[in-house]
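Input: a single structure, listed below in structure tokens.
These figures come from a predicted structure and were not determined experimentally.
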Amino acid sequence: MSRIISLEQPIVTAKWLQENIEAQNLVVLDGTINKVFDPETKQIPNARYFDIKQKFSDVAGEFPSTFPSEKQFQEEAQNLGLNKDSVIVVYDDKGIYSSARVWWLFKAFGYDNVAVLNGGFPEWLNQEYPIQNMKPYSGGKGNFEASLKPEFMKFFKDMEHASKNNTHTIIDARSNARFNCEVPEPREGLRMGTIPNSSNIPFTDLLENGLLKDKKALQDIFANKINDSNDPVIFSCGSGITACVLALGAEIAEYKNLAVYDGSWTEWGSLVI
């Protein structure tokens, strides 16, 4: 008989996932961004593809990966067979990259029973755990319910106010070189720059050999930028993806008042000249 499991923290190891892979209420999501379906591509057994760009973004939005509506998120989550009691583990092919965005989206829609696979698919492969060919989800519809928590996601007007009035600590997850305007932005036509009154922690600073650093190391990193664990913080990046890696690290480090700027530098750099 299959076991029912629960999560104790927002990140799990490959070993934990392998040990619980047969659990009745476990759903593994592949949150790799812009992945093209190919039956020759490998995945973790029974993983379901969480399509950030097409299914879980507002595709009519002006900027990439725009936050979806509550209705859209709920419907697409149900289409993946997610239920109100699902334990969700998310991974991506890069390690810890877009999987954190998937984790944050679930939290923003009121669902906390979700964790990121530490090290993602590369770590799963390193451990030589079973894999299978990629396959589309073909099961039934779930009964997942979304409940928007608006404080988790910030938008342009929020950022204008926060930046001008110093109401939040704003931390940018882009590389030092991008933050310091030493290299062009990868998005064609987007100017270099930074949001006023923001500081920089490259998301890669939280990683070591593809794995998220331990809690103490994360606390040390954030202590250099955030005065108190209850201070309001907004994370930004290029397009709202790697900002969520900082949010993941900060939650593990026990910071309480966290938000992500959805449009991030792509929006700010386009709208503020």
Side-chain angles (χ1 to χ4, degrees), residues 10 57-58 61-68 70 96 98 100-112 116 147-176 178-181 185 190-206 212-213 215 217-273:
S57 293
D58 176 6
E62 183 179 355
F63 301 104
S65 308
T66 297
F67 194 58
E70 182 181 85
I96 297 183
S98 53
R101 171 74 179 192
V102 179
W103 167 79
W104 192 253
L105 284 172
F106 276 102
K107 289 180 66 65
F109 286 107
Y111 200 77
D112 291 319
V116 170
S147 178
L148 178 63
K149 306 293 184 189
E151 67 272 18
F152 279 79
M153 202 64 81
K154 301 296 184 184
F155 302 97
F156 183 71
K157 291 294 183 184
D158 304 318
M159 290 306 296
E160 276 191 318
H161 183 266
S163 174
K164 181 179 179 181
N165 297 289
N166 276 315
T167 57
H168 293 67
T169 299
I170 302 171
I171 303 178
D172 193 317
R174 292 177 297 165
S175 68
N176 290 135
R178 286 172 67 188
F179 184 79
N180 294 322
C181 304
E185 284 294 304
L190 181 62
R191 71 179 179 89
M192 295 183 289
T194 58
I195 298 171
N197 294 317
S198 63
S199 62
N200 182 217
I201 300 177
F203 82 94
T204 51
D205 285 5
L206 275 58
L212 200 67
K213 293 178 179 177
K215 180 177 176 179
L218 295 172
Q219 288 176 330
D220 289 344
I221 290 169
F222 287 110
N224 289 322
K225 303 291 184 182
I226 309 169
N227 293 325
D228 184 86
S229 62
N230 290 307
D231 285 356
V233 182
I234 302 172
F235 297 112
S236 182
C237 59
S239 61
I241 302 295
T242 59
C244 300
V245 179
L246 293 190
L248 175 64
E251 176 154 314
I252 291 170
E254 298 187 348
Y255 288 87
K256 309 295 185 189
N257 196 350
L258 309 174
V260 167
Y261 174 23
D262 188 51
S264 285
W265 180 252
T266 299
E267 179 178 63
W268 187 276
S270 299
L271 298 182
V272 181
I273 306 303

4.5 Å side-chain heavy-atom contact, L246 and L206: yes
Going through the checks in order, is the side chain to side chain contact (heavy atoms under 4.5 Å, CB included) test met by V116 and L248? CA-CA 9 Å; V116 170; L248 175 64; 4.0 Å; yes
Atom pairs and distances, side-chain donor-acceptor, residues 266-273, under 3.5 Å, sequence neighbours left out:
from, atom 1, to, atom 2, distance (Å)
T266, OG1, G238, O, 2.5
E267, OE1, Y261, OH, 2.7
S270, OG, T266, O, 2.6

Sequence neighbours excluded, which residues qualify as side-chain hydrogen bond (donor to acceptor under 3.5 Å, both in side chains) partners of N200? N176
How many angstroms lie between atom CZ of F152 and atom SG of C244, to the nearest 0.5 angstrom? 11.5 Å
To check you understand the geometry: which heavy-atom pair defines the closest contact between F222 and A253, and what is its length? CD1-CB, 4.3 Å
About how many Å separate CD1 of I201 and CD1 of I171, when rounded to the nearest 0.5 Å? 4.5 Å
Any chance you could lay out the side chain to side chain contact (heavy atoms under 4.5 Å, CB included) test for C237 and S264, step after step, and finish with the verdict? CA-CA 5 Å; C237 59; S264 285; 3.8 Å; yes
E160 CD to K154 NZ distance, which is reported to the nearest 0.5 Å: 14.0 Å
Between CD1 on residue I226 and OG1 on residue T169, distance to nearest 0.5 Å: 6.0 Å
What residues form a salt bridge (charged side-chain N to carboxylate O under 4.0 Å, His left out) with E62, not counting sequence neighbours? none
Do P68 and L105 have side-chain heavy atoms sitting under 4.5 Å apart? yes
Could you check whether F109 and F67 have their ring centres less than 6.0 Å apart? yes
H168 and V233: side chain to side chain contact (heavy atoms under 4.5 Å, CB included), yes or no, with the steps? CA-CA 5 Å; H168 293 67; V233 182; over 6 Å; no
Tell me, please, which residues at least two apart from A217 pass side chain to side chain contact (heavy atoms under 4.5 Å, CB included). K213, D214
Residue list, salt bridge (charged side-chain N to carboxylate O under 4.0 Å, His left out) with R178, at least two apart or on another chain: E185
Would you say the side chain of S65 lies within less than 4.5 Å of the side chain of S57, judging by non-hydrogen atoms? yes
Who passes side chain to side chain contact (heavy atoms under 4.5 Å, CB included) against N224, sequence neighbours left out? none
Backbone of F63 reached by a side-chain donor or acceptor of T66 within 3.5 Å: yes
Do the side chains of M159 and I234 get nearer than 4.5 Å, heavy atoms only? yes
Counterpart residues, salt bridge (charged side-chain N to carboxylate O under 4.0 Å, His left out), relative to E151 (two or more places apart): none
Under 4.5 Å between any side-chain heavy atoms of I252 and P10, yes or no? yes
My understanding is that only residues two or more places apart in sequence, or in another chain, count here; which of them pass side-chain hydrogen bond (donor to acceptor under 3.5 Å, both in side chains) with K215? E254
Across all chains, not counting sequence neighbours, the side chain to side chain contact (heavy atoms under 4.5 Å, CB included) partners of N230 are D228, K256
Who are the side chain to side chain contact (heavy atoms under 4.5 Å, CB included) partners of S198, not counting sequence neighbours? I170, F179, T194, I195
Any donor and acceptor pair, going by atom type alone, linking the side chain of D158 with main-chain N or O of F155 inside 3.5 Å? yes
If only atom types and distance count, is the side chain of W104 paired as donor or acceptor with the main-chain N or O of I241 below 3.5 Å? no
Determine yes or no for a side-chain-to-main-chain donor-acceptor pair under 3.5 angstrom, with D172 supplying the side chain and R174 the backbone. yes
If you apply the rule side chain to side chain contact (heavy atoms under 4.5 Å, CB included), what do you find for L258 with F235, and how did you get there? CA-CA 8 Å; L258 309 174; F235 297 112; 3.9 Å; yes
Can you list every pair that meets salt bridge (Lys or Arg N to Asp or Glu O under 4.0 Å) and has a residue in residues 100-109, with sequence neighbours left out? R101-D262, K107-D112, K107-E251
Taking salt bridge (charged side-chain N to carboxylate O under 4.0 Å, His left out) as the test, write out the residues that go with K164, two or more places apart. none
